[in-house]
Student: 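Sharing a structure below in structure tokens format, with a few things to ask.
Letters A, B, ... are given to chains in the order of the sequence lines, protein chains preceding strands, and every chain is numbered from 1. Just so it is clear, the model here is predicted, and its values are computed rather than measured.
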Amino acid sequence: MATRTRERVGPGLSRSDLGMRWHRMQRRYAPYIFISPFFILFAIFGVFPTLFSIYLSFQQWNPIQGLGAMEFVGFENYTWLFGDPWFWKSMWNTLWLAVVSGLPQHLIAIPLAFALVMGVGRLRHLLTAAYFLPFITSTVAVAIVFQTILGTQFGILNQAVGVLADWPLTAWIFSGMRESLPIDWLGRAEYIKPSISILVIWKYFGFNVVLYTAGLSTIPREYYQAAAVDGANLLQRYWFITLPLLRPMIFFAVTLTIIGNLQMFDEPFVLTNLAGNRTGGPDEAGLTVAMYLYRTGFEWVDMGTAAAMSWVLFLVIGVATFLHFRFLGRRSLERREG
Amino acid sequence: MASQLMNTRETNPTDGNPTGAGIRKGLLLAGLLLLALLTFFPFYWMMILATHSRDTIFSAPPPLWIGDDLARNYRALLDTLPFWRNIWNSVYIAVMATVTTVFFCSLGGFGFAMYEFRWKNGLFTFVLVSLMIPQLLNIIPYYLIIDFLDWLNTPRAIWFPGMANAFGIFLMRQYIASTIPKDLLDASRIDGASEFRIYWSVVLPLVRPGLATLALLTFISQWNNFLGPLVILRGRDAFTVPLALRSLQGLVNTDWGAVILGTALAVLPLLVLFAFASRQVIEGLVAGSVKG
């Protein structure tokens with residue numbers, strides 16, 4: 001009977017009843033639907049590939065022969081890698097580049113950010129944008145331009161160095177290295193890693209400047225004013241206020257650098273690719289693990305070994321990040337609480 | 001410039017002796033400007049070299065001003081590469097990536113920012129953790145999946161997998177949570193709006209600056225994307241701009257005038273974009289790191 005009366009009351013009520021339920025349903029399930037694209041895509045292109053690549057690292061496989069050609073080899077890929085001189089060389093190159101092209105970025109960027117925030121007024125945004133510009137541009141394009149800048153005979157860097165070495169005021173700086181001029185930046189093994197580092201520092205220091213100016217803007221101005229009243233000079237203010245309070249941001253920025261640098265690919269790959277050389281220049285001096293991984297997987301089509309290499313690299317990145325956290329991160333977080 | 005110096009001096013009256021501080025500030029500014037010029041130099045150099053022939057590019061003293069071989073370099077570039085086709089590929093991929101990323105990431109960010117639901121914190125932590133997985137780790141299986149889907153050599157293999165990505169969701173969650181009060185949702189519900197309608201007609205118009213930031217960042221990173229296309233795209237007609245430029249390198253007699261013109265054309269759109277939107281790009285990139 002009740003249902004009959006309800007129907008008789010009219011479609012209006014039952015429709016609004018339905019409407020209420022529809023709204024409640026919506027409210028409950030809408031957020032799951034809204035966030036689901038990420039999880040679906042991540043399952044297909046993230047979780048599954050990761051699990052598959054662990055599995056793959058224990059297989060010998062050339063994908064051209066189809067899935068049936070997969071052959072279980074246990075830890076053979078890993079043991080092969082650890083006996084492979086090129087792998088060790090690429091690992092050494094990667095670590096070298098990570099430090100030499102990483103550390104200076106921060107040593108430049110921190111005082112630079114301090115200077116920008118302290119004393120340039122309205123030019124600050126223009127200067128910051130100028131430093132940041134290399135970060136947004138194509139690595140391939142700028143690496144090609146750097147090839148001409150670093151040319152041996154007619155590269156503009158060597159020509160500038162030559163002029164400075166002959167100029168009386170600056171000659172003393174170059175007196176020790178006169179014989180080695182002009183420098184064969186990309187043609188000799190010992191100069192390749194420094195060349196790559198120049199490009200990487202140039203490309204990324206501005207990004208760190210931006211991070212650090214953002215970090216500095218969270219330090220209350222009163223600290224500096226109080227220090228100035230107490231007679232602290234600029235250097236003291238930098239050392240005793242800026243550096244300690246900037247620590248969390250330093251931790252964050254250095255972490256990004258570590259993770260990025262240990263995967264370095266584009267810069268050495270393009271910069272050392274002169275006349276079709278694809279082993280990172282003479283003596284594989286610019287061959288990073290990422291480049292070696294690419295060659296192993298896509299040129300030699302040895303997917304199992306390449307997958308094993310990616311996991312070794314992942315482990316190295318994990319260890320480096322962990323050590324960084326142990327020695328810099330924990331202290332910086334303690335400071336923040338105190 | 002002088003007035004600029006005066007201004008900074010006036011706004012910082014705490015710095016003791018005005019002339020000494022002024023000189024110091026002037027030196028500092030000179031140093032900062034010099035560094036900015038040094039940073040900008042490769043771009044200037046790129047534009048200059050694009051107008052020179054191979055012979056003048058590699059000569060002493062080096063050319064420092066515009067030459068007259070631009071037209072010749074342009075013809076040489078088009079002779080070696082279907083360059084406009086490559087530009088179109090890059091534009092297509094970058095635009096598709098941008099539109100889809102902005103839509104799905106703002107939707108996901110909206111979900112995380114405005115609703116309470118079961119497992120919300122766990123799911124969001126998962127998003128953050130997934131940010132830390134190195135891209136390189138997945139490059140082999142990424143290629144294999146694209147191969148399995150039969151998407152090799154197609155643009156969608158590049159933009160589709162990343163269209164709802166962790167970084168974008170994180171960025172949009174932060175932005176929406178800090179700008180939109182939750183009461184707004186209830187007010188809209190009383191007016192009878194559906195949940196999607198609230199997102200689309202109420203929230204989206206209010207978070208335009210956040211959307212613009214994500215759009216710019218996505219466009220830039222896709223325009224410059226190298227490793228993904230390198231693995232997926234084969235053949236000159238499918239190449240994006242960075243791949244096309246790299247393909248010129250292996251040639252025995254590299255025509256450097258043409259190559260540099262290509263790099264200039266690859267970088268110029270971003271330089272123009274950045275000139276108008278530098279502040280938004282910079283602030284957007286660090287928003288997560290400061291707010292988080």
Student: Taking side chain as everything from C-beta outward and backbone as N, CA, C, O, which of these in L245(B) sits under 4.5 Å from a heavy atom of chain A? Side chain, backbone, both or neither.
Tutor: both
Student: What part of I145(B) gets within 4.5 angstrom of chain A, counting heavy atoms only: side chain, backbone, both, or neither?
Tutor: side chain
Student: Which one wins on heavy-atom pair count under 4.5 Å against chain A: L273(B), L227(B), L243(B)?
Tutor: L227(B)
Student: So, for F146(A) and P42(B), which heavy atoms are closest and what is the spacing to 0.1 Å?
Tutor: CE1-CG, 4.0 Å
Student: Quick check for you: to the nearest 0.5 Å, what is the distance between L35(B) atom CG and L112(A) atom CG?
Tutor: 5.5 Å
Student: Roughly how far, to the nearest 0.5 Å, is the CG atom of L136(B) from the CE atom of M264(A)?
Tutor: 12.5 Å
Student: Quick one: which of L230(B), V259(B), V241(B) has the most heavy-atom pairs under 4.5 Å with chain A, could you say?
Tutor: L230(B)
Student: Checking heavy atoms, do the side chain of L185(B), its backbone, both or neither come under 4.5 Å from chain A?
Tutor: neither
Student: Can you confirm whether L107(B) sits close enough to F38(A) that some side-chain heavy atom of one is under 4.5 Å from a side-chain heavy atom of the other?
Tutor: no
Student: What pairs with P37(A) under side-chain contact (heavy atoms from CB on, under 4.5 Å), at least two apart in sequence or on another chain?
Tutor: F104(B), A164(B)
Student: If only atom types and distance count, is the side chain of Y294(A) paired as donor or acceptor with the main-chain N or O of V231(B) below 3.5 Å?
Tutor: no
Student: Among the options L37(B), L270(B), D147(B), pick out the one with the most heavy-atom pairs lying under 4.5 Å from chain A.
Tutor: L270(B)
Student: Does F148(B) CZ have over 12 foreign heavy atoms under 6.0 Å away?
Tutor: no
Student: Name the region of A166(B), side chain, backbone, both or neither, that has any atom closer than 4.5 Å to a heavy atom of chain A.
Tutor: both
Student: Quick one: what part of I136(A) sits under 4.5 Å from any heavy atom of chain B, side chain, backbone, both or neither?
Tutor: both
Student: Quick check for you: to the nearest 0.5 Å, what is the distance between I35(A) atom CD1 and R173(B) atom CZ?
Tutor: 12.0 Å
Student: In Å and rounded to the nearest 0.5 Å, what is the CZ to OH distance from R28(A) to Y115(B)?
Tutor: 14.0 Å
Student: Which atoms of L144(B) are under 4.5 Å from chain A, going by heavy atoms: the side chain, the backbone, both sets, or neither?
Tutor: side chain
Student: Do the two ring centres, one from F40(B) and one from W202(A), sit under 6.0 Å apart?
Tutor: no
Student: Is the side chain of Y131(A) donor-acceptor paired with the backbone N or O of L32(B) at a distance under 3.5 Å, no angle test?
Tutor: yes
Student: Output the option from F265(A), Y32(A), F48(A) having the highest count of non-hydrogen pairs under 4.5 Å with chain B.
Tutor: Y32(A)
Student: Less than 4.5 Å to any heavy atom of chain B: does that hold for the side chain of A129(A), its backbone, both, or neither?
Tutor: both
Student: Is N165(B) close to chain A through its backbone or its side chain, or both, or neither, when contacts mean heavy atoms under 4.5 Å?
Tutor: backbone
Student: Non-hydrogen atoms of chain A under 4.5 Å away: do they reach the side chain of L38(B), the backbone, both or neither?
Tutor: backbone
Student: Taking the six-membered ring for Trp and the single ring otherwise, decide whether the centroids of F126(B) and F42(A) are under 6.0 Å apart.
Tutor: yes
Student: Name the region of W45(B), side chain, backbone, both or neither, that has any atom closer than 4.5 Å to a heavy atom of chain A.
Tutor: side chain
Student: Test side chain to side chain contact (heavy atoms under 4.5 Å, CB included) on I139(B) and L293(A) and set out the steps.
Tutor: CA-CA 10 Å; I139(B) 193 72; L293(A) 197 167; 4.1 Å; yes
Student: Report the option among F110(B), Y199(B), Y143(B) that has the most heavy-atom pairs separated by less than 4.5 Å from atoms of chain A.
Tutor: Y143(B)
Student: Mind running side chain to side chain contact (heavy atoms under 4.5 Å, CB included) on F45(A) and I146(B) for me, showing each step along the way?
Tutor: CA-CA 9 Å; F45(A) 295 100; I146(B) 295 302; 4.0 Å; yes
Student: For a quick test of reading the model, state the closest non-hydrogen atom pair linking P49(A) to N138(B) and the distance between them.
Tutor: CB-OD1, 4.0 Å
Student: Check D186(B) against R27(A) and note the closest heavy-atom contact, atom names and distance.
Tutor: OD1-NH2, 4.2 Å
Student: For F196(B), is the CZ atom crowded, meaning more than 12 foreign heavy atoms sit under 6.0 Å from it?
Tutor: yes
Student: Chain A heavy atoms under 4.5 Å from A193(B): which part of the residue, side chain, backbone, both or neither?
Tutor: backbone
Student: Taking only residues two or more places apart in sequence, or in another chain, which ones meet E195(B) in a salt bridge (charged side-chain N to carboxylate O under 4.0 Å, His left out)?
Tutor: R189(B)
Student: Could you please spell out the steps behind the side chain to side chain contact (heavy atoms under 4.5 Å, CB included) verdict for F43(B) and V145(A)?
Tutor: CA-CA 9 Å; F43(B) 296 110; V145(A) 173; over 6 Å; no
Student: Please classify the contact between I317(A) and chain B as side chain, backbone, both or neither, with a heavy-atom cut-off of under 4.5 Å.
Tutor: side chain
Student: Let me confirm one number: the CZ-OG1 distance from R246(B) to T139(A), rounded to the nearest 0.5 Å.
Tutor: 13.5 Å
Student: Quick one: what part of I169(B) sits under 4.5 Å from any heavy atom of chain A, side chain, backbone, both or neither?
Tutor: side chain
Student: Quick one: what part of M163(B) sits under 4.5 Å from any heavy atom of chain A, side chain, backbone, both or neither?
Tutor: both
Student: Nearest heavy-atom pair of P242(B) and V140(A): which atoms, and what distance?
Tutor: O-CG1, 3.5 Å
Student: Hey, does V127(B) have a side-chain heavy atom less than 4.5 Å from the side chain of F39(A)?
Tutor: yes
Student: Do the side chains of V281(B) and F132(A) get nearer than 4.5 Å, heavy atoms only?
Tutor: yes
Student: Measure distances from L137(B) to the heavy atoms of chain A and classify the residue's part below 4.5 Å as side chain, backbone, both or neither.
Tutor: both
Student: Between S278(B) and chain A, which part of the residue has a heavy atom less than 4.5 Å away: side chain, backbone, both or neither?
Tutor: side chain
Student: If you measure from CG on N225(B) to OG on S138(A), what distance do you get to the nearest 0.5 Å?
Tutor: 10.0 Å
Student: Shorter than 4.5 Å, heavy atoms on both sides: which option in W119(B), Y142(B), W223(B), F160(B) has the most such pairs with chain A?
Tutor: F160(B)
Student: What's the verdict on side chain to side chain contact (heavy atoms under 4.5 Å, CB included) for F298(A) and I140(B), showing C-alpha distance, side-chain angles and the deciding distance?
Tutor: CA-CA 9 Å; F298(A) 299 104; I140(B) 302 279; 4.2 Å; yes
Student: So which atom in L28(B) and which in A115(A) form the shortest heavy-atom distance, rounded to 0.1 Å?
Tutor: CD1-CB, 3.8 Å
Student: Take atom OH of Y55(A) as the centre, draw a 6.0 Å sphere, and report whether it contains more than 12 heavy atoms from other residues, nucleotides or ligands.
Tutor: no
Student: Assess the side chains of T137(A) and N224(B): does a donor N or O sit below 3.5 Å from an acceptor N or O?
Tutor: no
Student: Which one wins on heavy-atom pair count under 4.5 Å against chain B: P134(A), A30(A), A143(A), G318(A)?
Tutor: P134(A)
Student: Chain A heavy atoms under 4.5 Å from F112(B): which part of the residue, side chain, backbone, both or neither?
Tutor: both
Student: Relative to chain B, which segment of I144(A) carries a heavy atom at a distance below 4.5 Å: side chain, backbone, both, or neither?
Tutor: both
Student: Relative to chain B, which of D266(A), L56(A), T128(A) shows the most heavy atom pairs under 4.5 Å?
Tutor: D266(A)
Student: Can you find a heavy atom in the side chain of F117(B) that is under 4.5 Å from one in the side chain of P31(A)?
Tutor: yes
Student: Side chain, backbone, both or neither: which part of L133(A) has a non-hydrogen atom closer than 4.5 Å to chain B?
Tutor: both
